[in-house]
J.: 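Mind looking over this structure? Questions follow.
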Amino acid sequence: MASKYTFDAIVVGGGPSGTAAALTMARGGLKTVLIERGRFAGAKNFFGGVMYTHALADVLPEYLERKPPFERPVTEQGYWMLSPDSVVRIMHKSEHYKQEPAEAHTVLRAQFDPWFAEQAAAAGALLITKTTVTHILQDAKGRVIGVRTDRPDGEVYAPIVVIAEGVNNLLTQKLGLIKNDLPPRFVALAVKEYISLPPKEIQARFGLSGANEGAAIDVFGDATMGLPGTAFLYTDRAGLSIGVGMLLEEFVSHKLRPYEVLARFKNHPAIQPYLDGGKPLEYGAHLIPETGYDRMPKLSAPGVMVVGDAAGMVDAMHREGTNLAMTAGKMAGSTAIAAHQANDFSAGFLRQYRKNLEATFVLKDMKQYRRMTDFLDSTPHFMGTYANFLNDAALRYFTAHGMPKRDMEKQIVGLLQERRSFFGMASDMLKLLRAMRG
């Protein structure tokens, strides 16, 4: 079968993890093909969020010279806690964020992914779009030796295949690396709109001094009707990315329509003024794996490695995903290069991939926060209870004029006790600490 190998490596999926793997292998001298089912890399993704440049720099050190299509550097970020009629804002703004290169940028993946794929092609990878991989090919011993696509005579052979197929991990299932589709409890659905606004209007509304400043805001509480989940509001160059994400289980059990949840958030009195006069240009939805460390698929098998969303590499606690994906892609690519040097594509050799990942922030962070989904599942009241309390407490604190402050403090304590008993609060905090410590 070795005589049929037409490539040294095949990558399935042109997202950040797949492209990082292809770029790494191409630069390492491997004859690499990157197969993407969309019209172009990023065509199937509606991501508009924050990208952390440390991972990009690790894969492509000269990325600034290549003029990546970033939106705005993130110079202010934080959290908003919504109640039905008010908001508590916890924001951080620092001159440190203005240093170049910036540590984080807002991006639109429909623009970033094609650019990133171009960098892989420039390094020597063959980019093939509008092509779906339907099967993984294996030899008589079960070792992966290539893929079958939906093109005529569409079999492509290589001793290494990197699967970066995204959250709908059908190929990963076919290989037996994960048993079934992710249940609704471990998949989030994010719905998002891109709303066009003049740059000067964005800067005025968010207190930004120019196009070299941007804001990234995560929103909790009433943004998701008090249910476990988060919303977001990010500034782009000439628009805003706004969206809501919750576990599929919440949409199903509460019979919620995603677009209605987003519309409700947009109409909140603390949010609507930021959107006023904006023109919605795009609407979309995207599934996000929240499997956690304990439910990740097997990351490698003879001749194959799994990266990115297909491997459940998302840290929802810190809105991180693309940096985990690119780091994992580079690790897989480096492992493939080493496998070629050793002429060893066995399961034992490719286990180096996971071993190397265990030493990075990718699996360390996933392991630390592996119980976070279980925590939210066991405390569904958490977001609503404490976000509402913070707003009511702030209102009482700032309107207690002419009242003895001891009485005001007692009222604030009473507001919390009305919502949650002392033992209930203690239980919530203990569960949260356990979830954050892994």
J.: Regarding Asp365 and Gln368, is there a side-chain donor-to-acceptor distance under 3.5 Å anywhere?
T.: no
J.: Do Tyr274 and Phe206 have their ring centres less than 6.0 Å from each other?
T.: yes
J.: Any side-chain donor paired with an acceptor under 3.5 Å for Gln138 and Arg143?
T.: no
J.: Got a salt bridge between Lys98 and Glu213, using NZ or NE/NH1/NH2 to carboxylate O under 4.0 Å?
T.: yes
J.: In terms of heavy-atom contacts, does NZ of Lys355 have more than 12 from other residues, nucleotides or ligands at under 6.0 Å?
T.: no
J.: Just say parallel, tilted or perpendicular for the rings of His340 and Phe345, cut-offs at 30° and 60°.
T.: perpendicular
J.: More than 12 heavy atoms of other residues, nucleotides or ligands under 6.0 Å from CZ of Arg89: is that the case?
T.: yes
J.: Go through His54 and Phe361 one step at a time and tell me if the ring pair (Phe, Tyr, Trp, His ring centres under 6.0 Å) criterion holds.
T.: CA-CA 12 Å; His54 71 91; Phe361 75 99; 5.3 Å; yes
J.: Under a 4.0 Å threshold between the charged nitrogen and the carboxylate oxygen, would Glu249 count as salt-bridged to Arg185?
T.: no
J.: Students often mix this up, so state it plainly: with edges at 30° and 60°, are the rings of Phe232 and Tyr234 parallel, tilted or perpendicular?
T.: parallel
J.: Give a yes or no on this: more than 12 heavy atoms of other residues, nucleotides or ligands lie within 6.0 Å of atom CD of Glu62.
T.: yes
J.: Phe375 and Phe382: aromatic ring centres closer than 6.0 Å?
T.: yes
J.: Return the minimal non-hydrogen interatomic distance between Ser241 and Lys192, and the atom names on each side.
T.: OG-CE, 3.5 Å
J.: Are Glu165 and Thr172 close enough, and set up right, to give a side-chain hydrogen bond (donor to acceptor under 3.5 Å, both in side chains), and what steps lead you there?
T.: CA-CA 8 Å; Glu165 61 181 334; Thr172 309; 2.7 Å; yes
J.: Heavy atoms only: give me the nearest Leu275-Arg205 pair and the separation to one decimal.
T.: C-NH1, 3.6 Å
J.: Where is the tightest heavy-atom contact between Asn212 and Pro73, given as atom of each residue plus distance?
T.: O-CG, 3.0 Å
J.: For the residue pair Pro114 and Phe40, what are the closest heavy atoms and their distance?
T.: CG-CD1, 3.5 Å
J.: Examine Trp80 together with Phe265 and report whether their ring centres are nearer than 6.0 Å.
T.: no
J.: Should the heavy atoms of other residues, nucleotides or ligands under 6.0 Å from CD of Glu260 be counted, would the total exceed 12?
T.: yes
J.: Take Tyr157 and Phe7 through the ring pair (Phe, Tyr, Trp, His ring centres under 6.0 Å) test and state the conclusion after the steps.
T.: CA-CA 6 Å; Tyr157 293 91; Phe7 291 93; over 10 Å; no
J.: Check Asp236 with Arg72, please: is the shortest side-chain N to carboxylate O separation under 4.0 Å?
T.: no
J.: Can you confirm if the aromatic rings of Tyr52 and His105 lie within a centre distance of less than 6.0 Å?
T.: no
